[in-house]
Amino acid sequence: MKAILTVLGHDTVGILAKISAECANVHGNIIEVTQSVLQEMFAMIMLVDITNLTCTLSEFQERMTEVGRREKLVVHVMHEDIFNSMHRI
Amino acid sequence: MLNTSDILETIQMIQQENLDVRTITMGISLFDCMDNDIENSCIKVYEKITRCAGRLVEVGDALEKKYGVPIINKRVSVTPIAMLVGASGGDPVRYALTLEKAANALGIDLIGGFSALVHKGFSPGDEALIRAIPRALAETTRLCSSVNVGSTKSGINMDAVALLGHTVREAAELTQDNNCVGATKLVIFCNAPEDNPFMAGAFHGPGEPDCVVHVGVSGPGVVRAVLQKVGGGCDLTEVAELIKKTAFKITRVGQLVGTEAALMLGVPFGIVDLSLAPTPAVGDSVAHILEEIGLARCGTHGTTAALALLNDAVKKGGVMASSSVGGLSGAFIPVSEDAGMIAAARSGVLTIDKLEAMTAVCSVGLDMIAVPGDTTAETISAIIADEAAIGMINSKTTAVRVIPAIGHQEGDELEFGGLFGSAPVMPVHRESPAAFISRGGRIPAPLQSLKN
């Protein structure tokens with residue numbers, strides 16, 4: 001089971017570190033990361049394996065949103081199935 | 001990994017373009033609740049609905065979190081209550097109050113099925129239920145009611161049409177102090193689908209399984225945004241293609257949520273209703289899609305053609321995306337629930353006559369239209385008859401949900417709030433159809449060949 005984690009906001013030091021530390025805290029395994037900084041706007045998409053999470057997906061979402069709130073970033077965590085069903089036949 | 005632009009597109013659709021699952025609707029059969037004692041019947045109805053749909057809201061909320069897609073409403077539809085009234089007798093309003101109580105206990109948004117199917121005539125219970133509709137809607141807030149008065153196979157029951165003109169007026173009169181809201185919860189159908197998840201017309205048809213989950217998707221804003229991006233540079237073939245592809249993506253969300261909801265609730269998955277259902281929110285309007293295609297204002301010449309293209313492309317994209325499509329499936333054109341329609345009606349460009357023509361090529365019918373408070377019951381019946389005739393001849397579902405704005409005139413506005421929006425009072429023709437309506441009887445079923 002995998003989730004897509006997206007982070008959008010102003011670029012600051014240590015975004016990737018804070019997000020990945022929170023993932024590691026609950027045993028979310030980061031499989032892939034793609035990120036870009038465009039005119040000071042930071043955009044990151046992570047594919048996270050959530051099979052062995054020590055919490056529920058819903059708690060994981062709340063934790064990540066909380067990190068986002070602290071760092072003034074918009075963080076979304078969505079199950080990968082929604083992307084697969086919309087963009088693959 | 002998935003394509004970055006695909007991921008961002010999905011997030012943009014949800015965050016900025018109002019993509020949502022409009023409703024998860026659980027259909028529940030009440031045949032096993034029938035009893036010749038209305039007291040027992042109501043007890044069984046309450047027990048069955050609260051048992052079957054006990055986890056509906058919880059499951060809806062969980063899926064909303066899991067996939068990050070808003071699920072706006074959780075609803076229940078039940079077997080047409082007229083059938084239960086036929087068995088038990090008694091005051092149908094008792095069933096209405098039972099359904100309302102169950103809806104409150106479950107925390108769902110709406111419950112539909114205070115309905116009767118009378119396209120060929122009244123059976124015991126039908127007429128009693130229809131006569132009780134105004135009171136039932138005045139005494140409840142979440143209950144929705146519908147009546148099927150015609151079908152392609154059986155013609156139009158004009159006695160029912162005549163009766164319902166009075167019912168609609170009375171429903172508005174009894175709720176005059178609350179913006180005539182009673183009439184917003186009553187739909188009169190021709191060729192009513194038995195698996196419709198959308199309100200106010202949802203009921204659980206007699207041919208449906210015991211308990212089933214349907215999903216209604218939405219996303220006019222997404223379609224408009226796609227057309228906005230390409231601008232005026234592409235021809236209508238390409239416009240249709242773009243709409244089709246977008247409808248595919250929207251419907252896939254519905255299919256995903258529906259199958260998973262059914263699994264979690266332990267009931268069969270019914271259908272995805274792939275409708276474009278607008279809301280009064282900015283950017284969530286079907287009228288604005290038509291304007292994006294190239295009309296200066298929805299309602300002008302060309303509107304019917306643009307809507308036909310839109311409706312057909314939505315279906316083609318949606319059918320490919322789902323294993324089971326049903327319900328109303330198409331573009332909705334409710335006036336009060338669509339910011340673009342409201343503006344067009346206010347400016348006088350969009351008239352009831354034009355809306356009637358539009359219903360010949362799209363889903364549903366004359367929907368959420370406020371008419372002057374002095375509109376006679378016969379005129380309302382005639383509006384219903386016209387709309388039913390379009391459905392009957394064209395083998396499609398049509399419906400009427402008009403709201404006589406008691407105490408108001410053309411130019412005034414009714415404010416319902418929420419998903420129901422606000423309705424400018426639109427003019428109707430003043431010449432009387434009373435002699436036609438008072439004839440009663442039945443308009444015979446139409447010929448299915450020699451179609452011209």
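For the numbers below, each heavy atom of this structure counts, side chains included, while hydrogens, waters and symmetry mates do not. Numbered from 1 within each chain, the chains take letters A, B, ... in sequence-line order. Values in this document were obtained by computation on a predicted structure and should not be read as measured data.
Summarising the geometry of B:Tyr67 relative to A:Met78, their closest heavy-atom pair is O-CE, 3.2 Å, with the distance given to 0.1 Å.
Contact annotation for A:Thr6: only side-chain heavy atoms (C-beta onward) come within less than 4.5 Å of a heavy atom of chain B. Of the atoms belonging to B:Gln15, it is side-chain heavy atoms, and not backbone ones, that fall under 4.5 Å from chain A. Within the 4.5 angstrom heavy-atom criterion, atoms from both the backbone and the side chain of A:Ile89 approach chain B. Looking at B:Ile14, the atoms closer than 4.5 Å to chain A (heavy atoms on both sides) all sit in the side chain, from C-beta outward. Interface residue B:Glu9: only side-chain heavy atoms are found under 4.5 Å from chain A. Using a 4.5 Å cut-off between heavy atoms, B:Val69 contacts chain A through its side chain alone, with no backbone atom that close.
Between the side chain of B:Arg252 and the backbone N or O of A:Asn84, no donor-acceptor pair lies under 3.5 Å.
Atom CE of B:Met320 is surrounded by 12 or fewer heavy atoms from other residues, nucleotides or ligands within 6.0 Å. For NZ of A:Lys72, the number of neighbouring non-hydrogen atoms (other residues, nucleotides, ligands) closer than 6.0 Å is 12 at most. Atom NZ of B:Lys249 has more than 12 neighbouring heavy atoms from other residues, nucleotides or ligands inside a 6.0 Å radius.
Rounding to the nearest 0.5 Å gives a distance of 3.5 Å between CD of A:Glu62 and NZ of B:Lys65. Atoms CG and OG1, from A:Asp81 and B:Thr259 in turn, are 9.0 Å apart once rounded to the nearest 0.5 Å. With rounding to the nearest 0.5 angstrom, the NE2 atom of A:His76 is 12.0 Å from the OG1 atom of B:Thr10.
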What's the verdict on side chain to side chain contact (heavy atoms under 4.5 Å, CB included) for B:Leu19 and A:Met86, showing C-alpha distance, side-chain angles and the deciding distance?
-> CA-CA 12 Å; B:Leu19 170 64; A:Met86 278 178 85; 4.0 Å; yes
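Each of B:Asn3, B:Asp6, B:Ile7 was compared with A:Phe83 under the side chain to side chain contact (heavy atoms under 4.5 Å, CB included) criterion, and only B:Ile7 meets it.
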